[in-house]
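To start, the structure under review is shown below, and the notes come after it.
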Amino acid sequence: MKPSIPKGTRDFTPQEMANRNYIFNTIKDVFRLYGFQQIETPAMENLSTLMGKYGEEGDKLLFKILNSGDFLSGVSDVELEERNSNRLTSKISEKGLRYDLTVPFARFVVQNRDKITFPFKRYQIQPVWRADRPQKGRYREFYQCDVDVVGSDSLINELELIQIVDEVYRRLNINVVVKINNRKILSGIAEIVGETERITDITVAIDKMDKIGLENVNKELFEKGISTEAIGKIQPILKLSGTNQEKLNQLKTILASSEIGLKGVEELEIIFNLCKSLKLQTTVELDLTLARGLNYYTGAIFEVKALDVEIGSITGGGRYDNLTGVFGMPGVSGVGISFGADRIHDVLNQLNLYPETSEEQTQILFVSFGEKELAYCLPWASELRKRGMNVEIYPEPVKMKKQMSYADSKKIPFVAIVGETEMKENKVMLKNMKTGEQKLVGIDEIPAP
RNA sequence: GUGGUUGUAGCUCAGUUGGUUAGAGCGUCGGAUUGUGGUUCCGAAGGUCGCGGGUUCGAGCCCCGUUUUCCACCCCA
């Protein structure tokens, strides 16, 4: 049979893993600088945990797991005849693969509330699955790197997340812009145009602003049944321009009659002012057309875009006031962001920004001419490993050409050649694979890593 | 979920209006070179042309179905 993997999934070669680990390690290092601690949750969750948290669309994209054993035993012929997939699903499947890391985290917080202290700062790097149709930069299995802090309303948390984004992308050498908005402002907008109920339709439409343009946004709003009058009132908001502060000032006037809208403006103002005291490399930009799909966000929302690559957002997140509420723990606010490791990988790839040498590389390979020489290499290798070097011994004394090619294909910088002469002198012939130079050396003359 | 696109050697791809035995480059293996890789030269292995059906004297090529890839929409990291 022809081997294959499910669509939208990928294998990772050693080279790709080295690159991915570079991303993960960079991100982890920065998370730890701010006191975030790692957790993991199971790949599968109970469907009751997952369903209804991501909107109607999200439910469709959940991978469901068939109950084990005779999963049809509890289903009547009538139910089978009905062919109602939704109803049948709940009978034959009670588990699903996680769709993101935030909802399982909310479940984790509620379930482990006795073991954690608030504010709780956690990070989590694990794959998530979506039954989406694969596309450019979109997979059915991909990794998210989430940082969240729950149990604190302070806007300092928002600020720290911006700092983390700034530092991660500084270390990765990717130029980005942080776009920020506030759900309360969007609610305010819906309020003043008199379409409070239609906030989702309005936000989904204006979110497409930079993609389809003003005219098409208006068209979509109209098609969604928003009144012409209301659309007219939204126009000045979509056309806002100037500095962040100028935009905020204009918003204060526009949203004067909306309490919630003004609250959102105030929150953003505080964040921008706090930003000024920091030396951020990244520009933080107020973008009123930023809406983000997930409807559990209630405060600040973020999105990070790479400036030099066309790829969509590579990081996103926001504040959610009551995510743990559905699990029976109301009043806990959280804010977090998620780094899209796979898209960051694509960006680094396109810009060729991966470091040339990886920590995972073998630094020295022992090659030998016979069984005796092979045995001679063992204590040498042990000693060098004790000194912290990554060392390999070619496990068979096959032809030199084969052993050298191996070193070459793995880009191992040094080869220690062992034959009779070397053994007699208690030395090895150390060859620098880049320059081709080689000399007879004792163990203490081998350069430290 | 909707529309389009793609599939030929391990990989990247040629393959004429349908016509004998389906090719190349890279990679792999062997040799030139019995203690030296990355360069060069020679040679070899490697294919149910995604799968199933149909049209035809004859199909890699045309038709139908199916699956896969990629792209757009919906949505999203």
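Basis for what follows: all heavy atoms, side chains included, without hydrogens, waters or symmetry-related copies. To find a chain, count down the sequence lines: A is the first, B the second, and so on, and within it residues start at 1.
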### Message
Distance check, P atoms only: B:A14 and B:G7, in whole angstrom units.
### Response
8 Å
### Query
Under 3.5 Å, is there an N or O donor on one side and an acceptor on the other linking the side chain of A:Q438 and the base of B:U36?
yes
### Message
Looking at A:K399, I'd like to know whether one of its side-chain N or O atoms comes within less than 4.0 Å of OP1 or OP2 on B:G31.
### Response
yes
### Task
For B:U21 versus B:G10, give the span between their C1' atoms, rounded off to a whole number of Å.
24 Å
### Query
Across the strands shown, which category fits A:E422 at heavy-atom distances under 4.0 angstrom: base, sugar-phosphate, nothing?
base
### Query
Does the base of B:G38 carry an N or O that pairs as donor and acceptor with the side chain of A:S405 under 3.5 Å?
no
### Task
Taking atom C1' in both B:U69 and B:C62, compute the distance separating them and give it to the nearest angstrom.
23 Å
### Task
For nucleotides B:C76 and B:U67, find the distance between their P atoms and express it as a whole number of Å.
27 Å
### Query
Nearest-Å distance, CD (A:E303) to C1' (B:A77)?
10 Å
### Query
Heavy atoms, side chains only, cut-off 4.5 Å: are A:W380 and A:I393 in contact?
no
### Query
Taking the six-membered ring where the residue is Trp, are the ring centres of A:Y169 and A:F339 under 6.0 Å apart?
yes
### Message
So for A:E373 and B:G35, does any side-chain atom that can act as donor or acceptor lie under 3.5 Å from a complementary atom in the base?
### Response
no
### Message
Nearest to the side chain of A:L61, heavy atoms from C-beta on, is which of B:U36, B:A77, B:C75?
### Response
B:C75
### Query
What nucleic acid atoms does A:G370 come within less than 4.0 Å of, heavy atoms only: base, sugar-phosphate, or nothing?
nothing
#### Entry: Span that lies between the P atom of B:A59 and that of B:G50, in whole angstrom
15 Å
### Query
Does A:Q135 put a side-chain nitrogen or oxygen below 4.0 Å from OP1 or OP2 of B:C70?
no
### Task
Quick one: label A:K434 by what it contacts on the DNA or RNA (base, sugar-phosphate, nothing), any heavy atom closer than 4.0 Å.
base
### Query
To the nearest Å, how far apart are A:Y99 OH and B:A77 P?
7 Å
### Query
Do A:Y406 and the base of B:G37 stack face to face, with centres under 5.5 Å apart and an angle between planes under 30°?
no
#### Entry: Separation of atom CG in A:D207 from atom P in B:A77, rounded to whole Å
10 Å
### Task
Would you mind reading off the distance between A:D342 atom CG and B:C76 atom C1', rounded to a whole angstrom?
13 Å
### Query
Which nucleotide in the list B:G37, B:C76, B:C75 gets nearest to the side chain of A:R130?
B:C76
### Message
When the P atoms of B:G37 and B:U48 are compared, how many Å lie between them, rounded to an integer?
### Response
35 Å
### Query
Does a distance-only test, which skips hydrogens and angles, find a donor-acceptor pair under 3.5 Å between the side chain of A:D408 and the base of B:G37?
yes
### Message
Can you tell whether the side chains of A:R138 and A:D342 come within less than 4.0 Å, N to carboxylate O?
### Response
no
### Message
For a quick check of understanding: with a heavy-atom distance under 4.0 Å over all strands, which category does A:G436 fall into, base, sugar-phosphate or nothing?
### Response
base
### Message
Distance check, P atoms only: B:G4 and B:G15, in whole angstrom units.
### Response
25 Å
### Task
Could you verify whether a donor N or O on one side chain and an acceptor N or O on the other, from A:N390 and A:T362, lie under 3.5 Å apart?
no
### Message
Can you identify which nucleotide, out of B:A77, B:C74, B:G35, has its nearest atom closest to the A:E57 side chain?
### Response
B:C74
## Note on the structure
A:I344 CD1 to B:A77 C1', in whole Å, measures 9 Å
### Query
So, are A:K410 and A:E392 salt-bridged, with charged N and O less than 4.0 Å apart?
yes
### Query
Between B:C75, B:A77, B:G35, which nucleotide gets closest to the side-chain atoms of A:I417?
B:G35
### Task
Check every strand shown and say whether A:K410 touches a base, only sugar-phosphate, or nothing at a heavy-atom separation below 4.0 Å.
nothing
### Message
Parallel, tilted or perpendicular: which one describes the rings of A:Y22 and A:Y354, with boundaries at 30° and 60°?
### Response
perpendicular
### Query
NZ of A:K305 versus P of B:A77: gap in Å, rounded?
12 Å
### Distance-only donor-acceptor test, A:K431 side-chain atoms vs B:U36 base atoms, 3.5 Å
yes
### Query
With sugar-phosphate meaning primed atoms plus P, OP1 and OP2, does A:S409 contact a base, only sugar-phosphate, or nothing at under 4.0 Å between heavy atoms?
nothing
### Task
Pick the P atom in B:G53 and in B:C61, then give their distance to the nearest Å.
14 Å
#### Entry: Side-chain N or O of A:K402 closer than 4.0 Å to phosphate OP1/OP2 of B:C29
yes
### Message
Taking only side-chain N and O atoms of A:K7, does any of them lie within less than 4.0 angstrom of OP1 or OP2 on B:C70?
### Response
no
### Query
Does a distance-only test, which skips hydrogens and angles, find a donor-acceptor pair under 3.5 Å between the side chain of A:R133 and the base of B:C71?
no
### Query
A:C275 versus A:L280: any side-chain heavy-atom pair under 4.5 Å?
yes
### Query
When the distance from CD1 of A:I314 to C1' of B:C76 is rounded to whole Å, what number comes out?
15 Å
### Query
With a non-hydrogen cut-off below 4.0 angstrom, is A:F339 in contact with a base, only sugar-phosphate, or nothing?
nothing
### Task
Pick base, sugar-phosphate or nothing for A:M400, based on heavy-atom distances below 4.0 Å to the nucleic acid.
sugar-phosphate
### Query
Rounded to whole angstrom units, what separation is found between the CD atom of A:E420 and the P atom of B:U36?
15 Å
### Query
Under 3.5 Å, is there a donor-acceptor pair between the A:Y320 and A:D148 side chains?
yes
